[in-house]
Amino acid sequence: MSDAIPFLAPRTDVLARRSQIVADLTDLLPPECLVHEARELVPFETDAFVSYRRLPLAVALPRTTAEVSAVMRYCHRYGVPVVPRGAGTSLSGGAIPQEDAVVLGLSKMNRILEIDLPNRVAVVQAGVTNLNISESVSADGFFYAPDPSSQLACTIGGNIGMNSGGAHCLKYGVTTNNLLGVRMVLVDGTVIELGGKALDAGGYDLLGLVCGHEGQLGIVTEATVRLIAKPEGARPVLFGFESSEEAGACVADVIAAGIIPVAIEFMDKPAIEICEAFAHAGYPLDVGALLIVEVEGSEAEMDAMLKDVVDIARRRGVKTVRECQSATEAALIWKGRKSAFGATGRIADYICMDGTVPLSQLSHVLKKTAEIVDHYGLRVANVFHAGDGNMHPLILFNANDPDDAARAEAAGNDILKLCVDAGGCLTGEHGVGIEKRDLMRHQYSEADLVQQMAVRAAFDPGWLLNPSKVFPLEGRPAA
């Protein structure tokens with residue numbers, strides 16, 4: 001386990017009362033909804049940011065908003081920290097617990113409560129998987145737009161916590177653009193409703209504040225999400241370039257021309273080779289970088305948009321243009337892209353970064369990223385949402401070598417600083433968690449951080465919710 005990123009020291013008074021806390025939680029929840037034996041806590045000690053681990057005090061797995069409220073009311077009364085957890089797919093350490101905390105997992109709250117097609121919305125519990133929503137309305141010609149690579153496993157509560165996106169966010173937006181309302185339990189157990197089925201709600205936009213809150217403002221238990229009609233048709237096309245810089249410049253040119261495909265995904269040569277070996281998607285192996293550009297609409301609309309994109313790509317020296325010829329081929333193209341993280345894990349340990357940059361800076365940042373990783377004696381595979389500049393460099397290293405792991409973290413920090421210095425930001429969809437917490441001062445002034453922490457403290461004055469995350473440990477207001 002790495003110790004480079006510190007956690008808050010456990011509250012000794014909470015640790016001393018562990019047996020009583022477990023006994024009290026046993027009175028609040030049925031036996032199958034509480035985990036407290038040491039060996040049963042191990043699956044909850046980390047999330048997808050596996051370099052860091054802490055065993056929680058206990059794990060509560062409520063089934064209803066009322067049970068969530070009861071647990072929150074108890075933990076608030078006795079000063080017990082709470083770490084919310086969805087499916088545990090966070091790549092920034094957002095769901096890693098600490099020894100004095102109760103993990104509040106939402107995996108049992110996995111019901112779709114209502115499908116309202118006339119209003120084009122669905123009401124779901126926070127433990128429903130992202131993909132399950134689309135599958136539930138597919139036969140009626142609808143889908144839920146945000147599609148993170150982990151959509152088979154990740155849940156709506158976690159998507160809201162991190163404001164997750166996905167390949168098709170270029171056209172349809174990320175979670176905040178597809179979220180209409182939430183039911184949320186505050187730190188003291190109070191249940192509130194924000195938004196709803198209407199397109200806009202009166203008052204302050206607290207829903208916009210909650211989307212991306214990383215579990216620090218409350219526990220979202222239900223969500224009302226927007227459903228979108230399926231397009232008439234969709235067609236992904238592969239564009240192969242000699243270099244990453246040329247591919248990045250092509251992306252900037254496409255967006256600058258006012259063309260908005262449904263998706264523009266990027267892979268460099270290492271990522272192409274890794275994904276092709278796993279998915280056999282038909283990616284060209286003789287290019288230095290690949291773009292997957294998907295357009296949608298009628299046949300005439302797709303033809304017209306693709307013609308414009310091809311013209312731009314040719315001006316940027318494109319080597320290969322390969323249009324899919326069938327639904328099977330299209331599915332394979334996306335299988336390769338969606339499998340990138342898992343496929344990379346077959347060949348090496350890696351850290352996945354999540355910086356976002358202006359499109360005009362893509363070529364520059366890709367070049368500098370390669371230089372940074374090379375400086376640390378490591379390798380990198382780049383695969384990311386190029387259309388909105390959300391980069392995901394995968395820094396390959398050996399997790400069993402502490403020096404290798406330290407160099408990988410240092411390289412990742414330098415890449416994130418590069419993104420900020422290029423006019424971008426630390427995170428596009430993975431969140432800050434613990435991974436980027438101590439880089440917040442590189443992006444924000446002290447006045448900015450003080451204001452953000454004041455907003456957070458208005459919801460949780462005692463800093464009980466996900467306390468080691470998002471903000472630097474130094475300079476926090478006294479709880």
S.K.: Please determine, by modelled atom types, if H392 and E429 share a side-chain donor-acceptor pair under 3.5 angstrom.
M.R.: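 Yes.
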
S.K.: Can you find a side-chain donor-acceptor pair between K338 and S150 that sits under 3.5 Å?
M.R.: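 Absent: no donor and acceptor within the cut-off.
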
S.K.: Quick one: does any side-chain atom of Q125 pair with a main-chain N or O of R111 as donor and acceptor, under 3.5 Å?
M.R.: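 Yes: the side chain of Q125 pairs with the backbone of R111.
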
S.K.: Under 3.5 Å, is there a donor on one side chain and an acceptor on the other for N163 and H213?
M.R.: no

S.K.: Using modelled atom types and a 3.5 Å cut-off, is there a donor and acceptor pairing between side-chain atoms of N177 and backbone atoms of V174?
M.R.: yes

S.K.: Return the CD to CG distance between Q98 and N466, rounded to the nearest 0.5 Å.
M.R.: 8.0 Å

S.K.: For atom CD of Q451, decide whether the heavy atoms of other residues, nucleotides or ligands shown that lie under 6.0 angstrom number more than 12.
M.R.: no

S.K.: Can you tell me if D354 and N390 form a side-chain donor-acceptor pair at under 3.5 Å?
M.R.: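 Side-chain D/A pair, D354 to N390: present.
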
S.K.: Is a donor on one side and an acceptor on the other found under 3.5 Å between the side chain of S138 and the backbone of S134?
M.R.: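 It does not hold such a pair.
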
S.K.: Pairs under 3.5 angstrom only: tabulate donor-acceptor contacts from the side chains of residues 74-84 to other protein residues two or more places apart or in another chain.
M.R.:
from: Y74; atom 1: OH; to: D24; atom 2: OD2; distance (Å): 2.6

S.K.: P97 versus L55: any side-chain heavy-atom pair under 4.5 Å?
M.R.: no

S.K.: So does R17 pair up with D13, basic N to acidic O under 4.0 Å?
M.R.: yes

S.K.: Flag the pair K108 and E32 as a salt bridge only when some basic side-chain nitrogen lies within less than 4.0 angstrom of an acidic carboxylate oxygen.
M.R.: no

S.K.: Answer with yes or no whether the side chains of N398 and D404 bring together a donor and an acceptor at under 3.5 Å.
M.R.: no

S.K.: State, to 0.1 Å, how close P56 and L41 come at their nearest heavy-atom pair, and which atoms those are.
M.R.: O-CD1, 3.3 Å

S.K.: Apply side chain to side chain contact (heavy atoms under 4.5 Å, CB included) to I264 and L170, showing your working.
M.R.: CA-CA 8 Å; I264 306 178; L170 175 59; 3.8 Å; yes

S.K.: Any side-chain heavy atom of M453 within less than 4.5 Å of one from R476?
M.R.: yes

S.K.: Between D116 and K197, does any NZ, NE, NH1 or NH2 come within less than 4.0 Å of an OD or OE carboxylate oxygen?
M.R.: yes

S.K.: I want to check something: taking the side chain as every heavy atom from C-beta on, are R441 and P472 in contact at a cut-off of under 4.5 Å?
M.R.: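 Contact flag for R441/P472 side chains = yes.
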
S.K.: Checking D268 side chain against N382 main chain: does a donor-acceptor pair fall under 3.5 Å?
M.R.: yes

S.K.: With respect to E222, which candidate in I156, L113, V182 satisfies the side chain to side chain contact (heavy atoms under 4.5 Å, CB included) definition?
M.R.: L113

S.K.: Can you find a heavy atom in the side chain of T65 that is under 4.5 Å from one in the side chain of V191?
M.R.: yes

S.K.: Could you tell me if the side chain of L426 sits less than 4.5 Å from the side chain of V432, heavy atoms only?
M.R.: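 No. Closest side-chain heavy atoms not under 4.5 Å.
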
S.K.: Which pair of heavy atoms, one from P62 and one from V68, lies closest together, and at what distance?
M.R.: CG-CG2, 3.4 Å

S.K.: Quick check, are the ring centers of F143 and Y172 under 6.0 angstrom apart?
M.R.: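 Yes, they do, as the ring centres are separated by less than 6.0 Å.
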
S.K.: Quick one: do E214 and R437 make a salt bridge, cutoff under 4.0 Å?
M.R.: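 Not counted as a salt bridge, because no side-chain N and carboxylate O are separated by less than 4.0 Å.
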
S.K.: Using the side chain to side chain donor-acceptor pair (under 3.5 Å) rule, take H442 and D421 through it: C-alpha gap first, then chi angles, then the decisive distance, then the call.
M.R.: CA-CA 9 Å; H442 191 81; D421 294 343; 3.0 Å; yes

S.K.: Going through the distances and angles, do M391 and F266 end up as a side chain to side chain contact (heavy atoms under 4.5 Å, CB included)?
M.R.: CA-CA 9 Å; M391 301 184 65; F266 176 101; over 6 Å; no

S.K.: Quick check against the 3.5 Å criterion: does E296 have a side-chain atom that pairs as donor or acceptor with the backbone of P231?
M.R.: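 Not at all, since once roles are kept as given, no pair shorter than 3.5 Å links the two residues.
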
S.K.: Can you tell if the side chain of L217 reaches within under 4.5 Å of the side chain of L465, non-hydrogen atoms only?
M.R.: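 Result no, sub-4.5 Å side-chain heavy-atom pair not found.
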
S.K.: Between D140 (side chain only) and F142 (backbone N and O only), is there a donor and an acceptor less than 3.5 Å apart?
M.R.: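 Not a single qualifying donor-acceptor pair exists.
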
S.K.: Less than 6.0 angstrom from the centroid, inside 45 degrees of the normal: does R226 satisfy that with respect to the ring of Y144?
M.R.: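 No, a cation-pi geometry is absent between R226 and Y144.
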
S.K.: Quick one: closest heavy-atom pair of T356 and G428, and the distance?
M.R.: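 It is OG1-CA, 3.3 Å.
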
S.K.: Determine, stepwise, if the pair Y444 / V450 fulfils side chain to side chain contact (heavy atoms under 4.5 Å, CB included).
M.R.: CA-CA 10 Å; Y444 297 107; V450 167; over 6 Å; no

S.K.: Where do V365 and V357 come nearest, in terms of heavy atoms and distance?
M.R.: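 What the structure gives for the nearest pair is CG2-CG1, 3.9 Å.
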
S.K.: Per the side chain to side chain contact (heavy atoms under 4.5 Å, CB included) rule, which among T224, I112, N110 passes with V124?
M.R.: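 The option that passes is I112.
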
S.K.: Could you report the tightest heavy-atom contact between C169 and D388, atom names first, then the distance?
M.R.: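 So the minimum-distance heavy-atom pair works out to SG-OD2, 3.3 Å.
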
S.K.: Is the shortest heavy-atom distance from the side chain of L186 to the side chain of M72 under 4.5 Å?
M.R.: no

S.K.: Could you go step by step and tell me if L378 and L396 meet the side chain to side chain contact (heavy atoms under 4.5 Å, CB included) rule?
M.R.: CA-CA 6 Å; L378 300 170; L396 312 183; over 6 Å; no

S.K.: Quick one: CZ on R120 to CD1 on I115, what's the gap to the nearest 0.5 Å?
M.R.: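 If I round to the nearest 0.5 Å, the distance is 14.0 Å.
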
S.K.: Assess the side chains of E294 and H168: does a donor N or O sit below 3.5 Å from an acceptor N or O?
M.R.: yes

S.K.: Look up atom SG in C352 and atom CG in L394, then write down how far apart they are to the nearest 0.5 Å.
M.R.: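 Answer for the SG-CG pair, C352 versus L394, is 5.0 Å.
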
S.K.: Treating R407 as the side-chain partner and Y376 as the backbone partner, does any N or O pair qualify as donor plus acceptor under 3.5 Å?
M.R.: yes

S.K.: Working to the nearest 0.5 Å, report the span between SG of C275 and CE of M267.
M.R.: 4.0 Å

S.K.: Just by distance, do the side chain of T46 and the backbone of I96 share a donor-acceptor pair under 3.5 Å?
M.R.: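 Between the backbone of I96 and the side chain of T46 there is no qualifying donor-acceptor contact (under 3.5 Å).
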
S.K.: So, the side chain of N159 versus the backbone of S164: is there a donor-acceptor pair under 3.5 Å, distance only?
M.R.: no

S.K.: Does some side-chain heavy atom of S136 sit less than 4.5 Å from a side-chain heavy atom of I133?
M.R.: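 No; the side chains remain at least 4.5 Å from each other.
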
S.K.: Ignoring hydrogens and angles, tell me if any N or O in the side chain of S445 forms a donor-acceptor pair with the backbone of D448 under 3.5 Å.
M.R.: yes

S.K.: When the ring planes of W463 and F471 are compared, do they come out parallel, tilted or perpendicular, using 30° and 60° as the limits?
M.R.: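 Plane angle over 60°, so perpendicular.
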
S.K.: How close do M440 and V470 get, heavy atom to heavy atom, and via which atoms?
M.R.: CG-O, 3.2 Å

S.K.: Quick check for you: to the nearest 0.5 Å, what is the distance between M184 atom CE and F459 atom CZ?
M.R.: 5.5 Å

S.K.: How long is the span from the CG atom in L439 to the CG atom in L416, to the nearest 0.5 Å?
M.R.: 6.0 Å

